[in-house]
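Presented below is the structure to which this report refers.
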There are 2 protein chains.
Amino acid sequence: MTKYESIANEMRRRIKEGYYPIDQPIPDELSLAEEFGSSRMTMRKALDLLVSEGLLFRKRGHGTFIIQMYKNQSLNVISDESLGLSNLVKGKPVSSKIIQFTIEFPSEEVAGHLAIGRQEPVYHIIRLRMVDHEPYVMEETYMPSNLIPGITEDILHASIYNYIQQDLDLKIGGAHRTIMADKSNELDQTYLECKKEDPILQVVQVGFLNNGVPFEYSFSRHRYDKFVFTSVSVKK
Amino acid sequence: MTKYESIANEMRRRIKEGYYPIDQPIPDELSLAEEFGSSRMTMRKALDLLVSEGLLFRKRGHGTFIIQMYKNQSLNVISDESLGLSNLVKGKPVSSKIIQFTIEFPSEEVAGHLAIGRQEPVYHIIRLRMVDHEPYVMEETYMPSNLIPGITEDILHASIYNYIQQDLDLKIGGAHRTIMADKSNELDQTYLECKKEDPILQVVQVGFLNNGVPFEYSFSRHRYDKFVFTSVSVKK
DNA sequence: GAGTGGTCTAGACCACCCC
DNA sequence: GGGTGGTCTAGACCACTCC
């Protein structure tokens, strides 16, 4: 735990508990830095965190203010921070049904997104992910088998992400995502138990390791009545 | 233009032009700082920008690497940065058809999201937004009339965002967004000219001013075949 | 051990806002 | 003018990775 993180935690706690009046600026950066025994730069870095979380907003020449948040809904939330279903629905049992597990040469599209050649084999995996024994997501995933070797059905029943990070000791860097609505297809209707007229929330993702190499090109198709995607943006 | 922004611009140009080999780390921060005649902290701030854009990734004790990007699609892209349709489809003519424009007392839900009381009147606006004379988005918007006074049909035909920023001289701070898929309803089918079985990509947004006060609670319903939402996240 | 990014300091000047 | 956030400096020490 770094200094600026612990300062940010304390400030987050204060803001959420109503320690600071909501209609006034919080104390200026120099005063806060003195109170926490830090330099102003470190104090700023702590406040930067809270600004990026959408909790605070700065007004140059005026002060730093608390953003009046609105309440969240009760649906499952895919935030732009989370990676992997297992981390998303903590505490609930996650299981997987393997629909397809093959290895093949990639199409031009898949090879392009994974930045590999057409001759480099990829896993092609289709899984139904279940939470609390209810169908939640259909995932179609392509991964280069040279980069992520040793995938087995056992791993697919558990968590690919845990295997990559714990067993292969690779570090995940982040992801590009595209979110869209789509009509449900026959696979969706069969496995997600949704009706023919039900739409689907699809997340297309290219995950990359911390050295920038793409390791995953995936399509996650969510039941429209169980998932939303959230995002907070703050202008600079 | 600040120093770190101009350094970031130059580095972005270099990376995109292939100036640095893609399979090696770029030069270390101290060398780059010397080359650009800046302190290391300023150089870091420039690189921070490129990291947050998903262009670079740092590996502690090892170096800073270029992320191998994948190409974008040809659909309209709602990024987590953009605000307002007018800014989204630059160069193309945007027009609006006003379906409803009333003032009313808010429901509990609307009042809650706008952080106002039930007795504070709100505009209730439904518009069809067209680009190149083709229907693109159905927008339902609630705004407190005390906060954003003087809305007229003329403004609704143009851009509410421009009115807020230029005429009222208010500054927009950011937005919370929730993205979901939904079935199309009769309004969608009539005005977006979509079929009964076509899904909708809905973005629910609470926009807030730079003092943190919510000024807008809106539902934007997009044709599923014309819009996607993108997001880049990088682990720290 | 050498080299890298991660954090932190104690100042400084500037840009902007309100009085 | 006084107070605020925005930027910038020239160092320092630490944590991690590779050899």
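Values in this document were obtained by computation on a predicted structure and should not be read as measured data. Chain naming here is simple, since letters A, B, ... match the order of the sequence lines and numbering starts at 1 in each.
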Query raised in the report: For D:dT4, does either OP1 or OP2 sit under 4.0 Å from a side-chain N or O belonging to A:Arg58?
Result: no
Result block: side-chain N/O donor-acceptor pairs under 3.5 angstrom for residues 146-155 of chain B, not counting sequence neighbours:
{"from": "B:Asn146", "atom 1": "ND2", "to": "B:Glu120", "atom 2": "OE1", "distance (Å)": "3.3"}
{"from": "B:Thr152", "atom 1": "OG1", "to": "B:Asp154", "atom 2": "N", "distance (Å)": "3.4"}
{"from": "B:Thr152", "atom 1": "OG1", "to": "B:Ile155", "atom 2": "N", "distance (Å)": "3.3"}

Requested in this report: Could I get the full list of salt bridge (charged side-chain N to carboxylate O under 4.0 Å, His left out) partners for A:Glu29, not counting sequence neighbours?
Outcome: A:Arg40, A:Arg44, A:Arg58
Query raised in the report: What is the distance from CE of B:Met1 to P of C:dA15, rounded to the nearest Å?
Result: 15 Å
Report summary line: Taken in chain and number order and not counting sequence neighbours, the residues that satisfy side chain to side chain contact (heavy atoms under 4.5 Å, CB included) with B:Asp167 are B:Tyr163
Query - Distance below 4.0 Å between A:Lys45 side-chain N/O and C:dT7 OP1 or OP2 - result: yes
Query - Shortest side-chain distance from B:Lys3, nucleotide among D:dC8, C:dG5, D:dG5 - result: D:dC8
Requested in this report: Could you point out which residue of B:Tyr142, B:Tyr217, B:Phe219 forms a ring-ring contact (aromatic ring centres under 6.0 Å, His included) with B:His113?
Outcome: B:Tyr217
Report task. Please name the pair of heavy atoms, one in B:Ile7 and one in B:Ala46, separated by the smallest distance, quoted to 0.1 Å. Result -> CG2-CB, 3.6 Å
Query raised in the report: Does A:Tyr4 put a side-chain nitrogen or oxygen below 4.0 Å from OP1 or OP2 of C:dT7?
Result: yes
Query raised in the report: Looking at B:Thr64, does any N or O in its side chain come under 4.0 Å of the phosphate oxygens OP1/OP2 on C:dG5?
Result: yes
Report task. Find the distance A:Leu49:CG to C:dC8:P and express it as a whole number of Å. Result -> 11 Å
Requested in this report: Look up atom OG in A:Ser96 and atom NE2 in A:His157, then write down how far apart they are to the nearest 0.5 Å.
Outcome: 7.5 Å
Report task. Starting from C1' on D:dG5, measure out to CG on A:Leu32 and report it in whole angstrom. Result -> 13 Å
Query raised in the report: Expressed in angstrom and rounded to an integer, what is the separation of A:Phe57 atom CZ from C:dC16 atom P?
Result: 15 Å
Query raised in the report: Atom CG of A:Leu30 to atom C1' of C:dA12: distance rounded to whole Å?
Result: 12 Å
Query - Spacing of B:Leu56 atom CG relative to C:dG5 atom P, expressed in whole Å - result: 11 Å
Please list, for nucleotides 1-3 of chain C, all pairs of protein and nucleotide N/O atoms separated by less than 3.5 Å.
{"from": "C:dG3", "atom 1": "N2", "to": "B:Gly61", "atom 2": "O", "distance (Å)": "3.0"}

**Report entry** By salt bridge (charged side-chain N to carboxylate O under 4.0 Å, His left out) - contacts of A:Glu17 (at least two apart)
**Finding:** A:Arg13
**Report entry** Close approaches to DNA chain D from residues 35-43 of chain B, in residue order (heavy atom, under 4.0 Å)
**Finding:** B:Gly37, B:Ser38, B:Ser39, B:Arg40, B:Met41, B:Thr42
Query raised in the report: Is any side-chain heavy atom of B:Leu56 closer than 4.5 Å to a side-chain heavy atom of B:Phe65?
Result: no
**Report entry** Nearest-Å distance for atom pair CD1/C1', residues A:Ile26 and D:dG3
**Finding:** 15 Å
Query raised in the report: Heavy-atom count around B:Glu108 CD within 6.0 Å, excluding the residue itself: above 12?
Result: no
Report task. Rounded off to whole Å, could you give me the CD-to-C1' distance for the B:Glu5 and C:dA15 pair? Result -> 14 Å
